[in-house]
Amino acid sequence: MTVAAADSEDGLMACDAVVGKIIGVVSEVIGVPRSELSLDTRASDLEAWDSFAHVRIVLAVDQAFGVHLSMEAIERADGIAGLVEAVEDAKAGV
């Protein structure tokens with residue numbers, strides 16, 4: 001399920017939970033307050049989200065959700081929305 005495909009009430013609540021958890025992970029890894037992060041935040045928006053931070057974020061997301069993101073998903077996940085989509089796809093076995 002992609003972020004855009006979360007159209008049912010349950011799907012939206014599940015997506016909101018994933019978004020919140022990912023924002024928490026990113027906030028903790030790069031030391032940026034949660035209030036400065038949103039679904040629209042991209043790596044290029046934050047100086048602290050460099051390539052090394054991206055690797056640390058991906059590892060933390062893998063651990064937080066019990067998934068393993070593919071290299072393709074990691075490359076596409078250039079922000080919060082991309083990470084949400086990558087996690088949803090990994091959970092769905094895509």
Side-chain angles (χ1 to χ4, degrees):
M1 171 174 65
T2 65
V3 174
D7 56 0
S8 72
E9 204 168 298
D10 290 339
L12 286 174
M13 288 181 4
C15 185
D16 286 346
V18 171
V19 171
K21 194 169 185 177
I22 288 176
I23 286 175
V25 167
V26 172
S27 171
E28 185 174 319
V29 169
I30 65 174
V32 172
R34 290 176 65 101
S35 61
E36 293 183 22
L37 303 172
S38 72
L39 187 59
D40 297 325
T41 303
R42 299 177 62 103
S44 59
D45 298 334
L46 302 167
E47 188 175 319
W49 193 337
D50 59 15
S51 58
F52 182 63
H54 192 71
V55 170
R56 294 185 356 244
I57 289 166
V58 168
L59 292 172
V61 166
D62 280 357
Q63 185 174 27
F65 289 93
V67 297
H68 179 72
L69 302 181
S70 69
M71 186 56 68
E72 181 181 336
I74 292 167
E75 291 171 357
R76 284 193 327 256
D78 64 345
I80 302 292
L83 288 167
V84 170
E85 185 171 349
V87 166
E88 293 290 345
D89 287 350
K91 289 169 68 176
V94 175

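Because the structure is predicted, anything quoted here is derived from the model rather than measured. Quick note: residue numbers are just sequence positions, from 1.
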Distance-only check: which donor-acceptor pairs under 3.5 Å involve side-chain atoms of residues 30-37, not counting sequence neighbours?
residue, atom, partner, partner atom, Å
Arg34, NH2, Gly20, O, 3.2

What side-chain donor-acceptor pairs closer than 3.5 Å can you find for residues 60-83, not counting sequence neighbours?
residue, atom, partner, partner atom, Å
Asp62, OD1, Leu69, N, 3.1
Ser70, OG, Ala73, N, 3.1
Glu72, OE2, Arg76, NH1, 2.9
Asp78, OD2, Arg42, NH2, 2.1

Atom pair OG (Ser44) and CG (Asp50), whose distance is rounded to the nearest 0.5 Å: 12.5 Å
Partner residues of Glu47 under the salt bridge (Lys or Arg N to Asp or Glu O under 4.0 Å) criterion, sequence neighbours left out: none
Members sharing Phe52's hydrophobic cluster (side chains within less than 4.5 Å): none
Closest heavy-atom pair and its distance - Ile57, Val26: CG2-CG2, 3.9 Å
pair Val18-Lys91: side-chain heavy atoms closer than 4.5 Å: yes
